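Down below is the structure, laid out as structure tokens.
As the structure is a computational prediction, the values presented were derived from the model and not from experiment. Residue numbers start from 1 in every chain, and the chains themselves are labelled A, B, ... in the order their sequence lines are given, proteins ahead of strands.
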Amino acid sequence: MNTPLLRRVLLALAAPALAAAFALFVSSIVLALSGSSWIDTYSEMLSNASKLETMVDILNRATPLYIAGVAVAIGFKMNLFNIGVEGQYVLASFMAAWVGASVVLPGPLHVGLILLTAMVVGGAWAGLAGLLKVTRGVNEVIATIMLNFIAIGGIIAALLPRAIEDPTAANQGTAVIAESGWLPNLNGILELVTREITKGRRLSGMFLIAIILGVAYHVIVNRSRFGFDLRSSGMNPMAARAGGVPPKRMILVAMLASGAVAGLIGMPEILSDSHSYDQGFVRGLGFAGIAVALLGRNTAPGMAIAALLFGFLDTSSAPLQVTGTASPEIVVIMQATILLTAVIAYEVVNRIRQTDEVRRAAQATESADPAADVATAGASA
Amino acid sequence: MTAWKTLPAWARWAGIAAIGVFVLAVVQQVSGTTLLTSPNASGGMLRWSMPILLAGLGGLFSERVGVVNIGLEGMMILGTWCGAMGAFEFGPWGGLLCGLIGGALGGLLHAVATVQFGVDHIISGVAINILAPGLARFLSDRFFPQRGGSISQSPPVDGIGDFTVPVLSDAFAAVDDLDLFFISDVAGLLEGAVTDLRWFTLLGLLMVPFSAWLLFKTRIGLRMRICGENPKAGESLGVSIYGHKYLGVIISGAFAGLAGAFIVIELTGLYRGGQTNGRGFIALAALIFGNWRAGGVMAGAMLFGYPFAISLSDFDASGSGIATRALLLLVVVGLTAFAVYAYRRDGGLGAPASVTDAELSADLERGLTESYVRSVQGFARWGNSALAGGLAIIILAWYLLTERAADWVPNTMPYALVLIVLVFASQSLKMPAAIGQPFRKGET
């Protein structure tokens, strides 16, 4: 006996639809209050996004957001809150850029070395928090927050002067990586189905890697023994332990995996864009990744939609400013409102589902044969 | 030790403070600096720890009612914006009040999400941290340009002002000038505390005993704490759990807002985007360091404020770093003292075997070998002190091998110290029992 299919589908769609509608409603009010036309704002955002070049921008922006979402989601699956994705990816990007600039290797090897460095550094930094948790009982939220500050304010601040190529340059950073360490772009593949991409836009090769990562995440979490152990330890550590899953090892492995994926977040920048780490290196993707994971409910397709949505909103900000339609900050307000209403809506829908289930269980017991009840009562007595 | 325990609390605290200053005096003599006990050190520490203290007290109220508040940072940002707007329109006291209200609104949002709708506390906090900076920039764009500011900063605003305690300040200064070992050091630190003291700082310091009194000595405080310890028991006694949780989280936001207003009114003199600089997260660390108590939060806040104040005087134009290097020796002293304490507390190497036959046979039945059980027991007796001692030796080597500390050391040290403290104290910290757990009215 299941809830009617229609009701289940409606409930599943209700939360995101409610969140989107409410976010539009709130942003329209904010726009109206600040004296901008909400119709103009939305049509400007949509017409901008319908250009091919903007679509490439959106994909390029969504790529690191998606990787960040996956990194956070791996922790979430295990009930671990890796808030240190931010520090892990910045530290990993710095180290990878430094290593990448110090060597010249044949193409795939060079790129592979940079990716490997990033994953190892990110994994090690997250693994440190995992180690502190399993050996000393240090809460991973506080540990990773502290490690964020230590990575950015301490380690990078201490090492950057040694890695800087030209101390007199205006923007202090590592040397630009040799071209053998650049990831080829995907314009050729994209142009098979579209017109030629102009204005110097290039779809990062990391887009493909992010897709592969998403598929791997989906398969490993939902279809493998390891993923089952991960999810069961997250849902009920006691039961998982009784089933032979060592909780401490799972914590450590989950943190290592989360950090290794976090190391990839900065790679679109390092491998496809600036090819170096400098003081203006993109920040905040780790925290944005938390939002993507929450919106996408830690599922691979959900997070892809969330990353594309946030990518779309991020790229809408600049044209709004250029045309003077509205304050560019309206997109951040939209993002935060969507996030907050979505998590509330998910929670409300969850409660409705639970109530449904209780009602169904009650009906099932009532309609069952009374003799069965007597039998169970006798067995338990 | 028994005589120590019969002393009244104030005498014990004074004794601890005296020992602390004595260690400071010795360390700075050895390292060749006078900054550690200068008036600048104590005055700067009070000023720079105040935002962390206020936000940490905010965290205290929230976590005592059982709600994790990782959104302190966002509420603080709301406090900075509203504080600047209020201070520009109505003067500094108006800024203080507006900052408080702005933070409280953020707290209300967090309470609606977590208490009413049962959203995961950390998720709601993260959402507030994303919302607040965007909202502040949006509002700045709307309100500041026509007032002489811009999208990223407000027009300058006035501070509330300061005062100097008349006779004491001069007396301490005179004793400080005598250059007597220890006595002048004490006087120097006290001089910094009573000279040019901001009214806002004094208010913040008074909030510490006030919070402790409200939470631990009043009926409403007891009811708030039961929300964090055992809400079902509270509900069965007729306590309105939702109401008290709302109250605690809104007070929490108000404190975070005050912290933001302090930054604007007393530290920078204007609102600037990103000026909270992660202090909301640091406040959480101070809260945990302080074991969820008002006095402990203050100690944690000072732990962050002190090295920062030292580094401000230390890394001036000449960029010396000598006093900051002295702080390393201070850490070595602290770790060594802990290693000795832990060795005595945990038993140490020479202690008799504490594995009873019954425990041993139970462990053997679980499939563990005898040598493993004994080694775990042995490690429990000396592991903590060995770890602390090892860290002390590493930092001592760093101290001895360098002549001055790099400029990133003071920015990193407090975070590393909090991690070290958590490594040794995580098991003995006592957080509210029902923290972070969802509670629904009428559910059994």
In this structure, are over 12 heavy atoms from other groups packed under 6.0 Å from A:Tyr42 atom OH?
-> yes

Counting only heavy atoms not in B:Gln146, do more than 12 fall under 6.0 Å of its CD?
-> yes

By residue number, those in residues 69-76 of chain B with heavy atoms under 4.5 Å from heavy atoms of chain A are B:Ile70

Hey, which residues of residues 283-291 of chain B are touching chain A, say heavy atoms under 4.5 Å apart?
-> B:Leu284, B:Ala285, B:Ile288

State, yes or no, whether a side-chain contact exists between A:Leu147 and B:Leu419 at a heavy-atom distance under 4.5 Å.
-> yes

Indicate yes or no: at least one non-hydrogen side-chain atom of A:Ile142 is less than 4.5 angstrom from one of B:Leu422.
-> yes

Kindly give the heavy-atom pair with the smallest separation between [X] and [Y], and that separation in Å.
| X | Y | answer |
| --- | --- | --- |
| A:Arg351 | B:Gln116 | NH1-O, 3.7 Å |
| B:Trp408 | A:Gly153 | CB-O, 3.5 Å |
| A:Ala336 | B:Ala127 | CB-O, 4.3 Å |
| A:Met146 | B:Phe281 | CE-O, 4.4 Å |
| B:Leu387 | A:Arg136 | CD2-NH1, 3.7 Å |

Is chain A contacted by the side chain of [X], its backbone, both, or neither, given a heavy-atom distance below 4.5 Å?
| X | result |
| --- | --- |
| B:Ala416 | both |
| B:Phe424 | both |
| B:Leu417 | neither |
| B:Arg142 | side chain |

Paired with B:Ile123, the side-chain contact (heavy atoms from CB on, under 4.5 Å) test is passed by just one of A:Ile290, A:Ile344, A:Val343, namely A:Val343

side-chain contact (heavy atoms from CB on, under 4.5 Å) assessment of A:Phe287 paired with B:Val126 | CA-CA 8 Å; A:Phe287 290 107; B:Val126 167; 5.5 Å; no

When B:Ile122, B:Leu109, B:Val418 are compared by non-hydrogen pairs under 4.5 Å with chain A, the top option | B:Ile122

Between chain B and each of [options], count heavy-atom pairs under 4.5 Å; write down the option with the most.
| options | value |
| --- | --- |
| A:Ile330, A:Val348, A:Asn148 | A:Ile330 |
| A:Leu340, A:Leu33, A:Asn350, A:Asn139 | A:Leu340 |
| A:Val332, A:Ile333, A:Leu339, A:Val30 | A:Ile333 |

Checking heavy atoms, do the side chain of A:Leu132, its backbone, both or neither come under 4.5 Å from chain B?
-> side chain

d(B:Thr412 OG1, A:Ile156 CD1) to nearest 0.5 Å is 11.0 Å

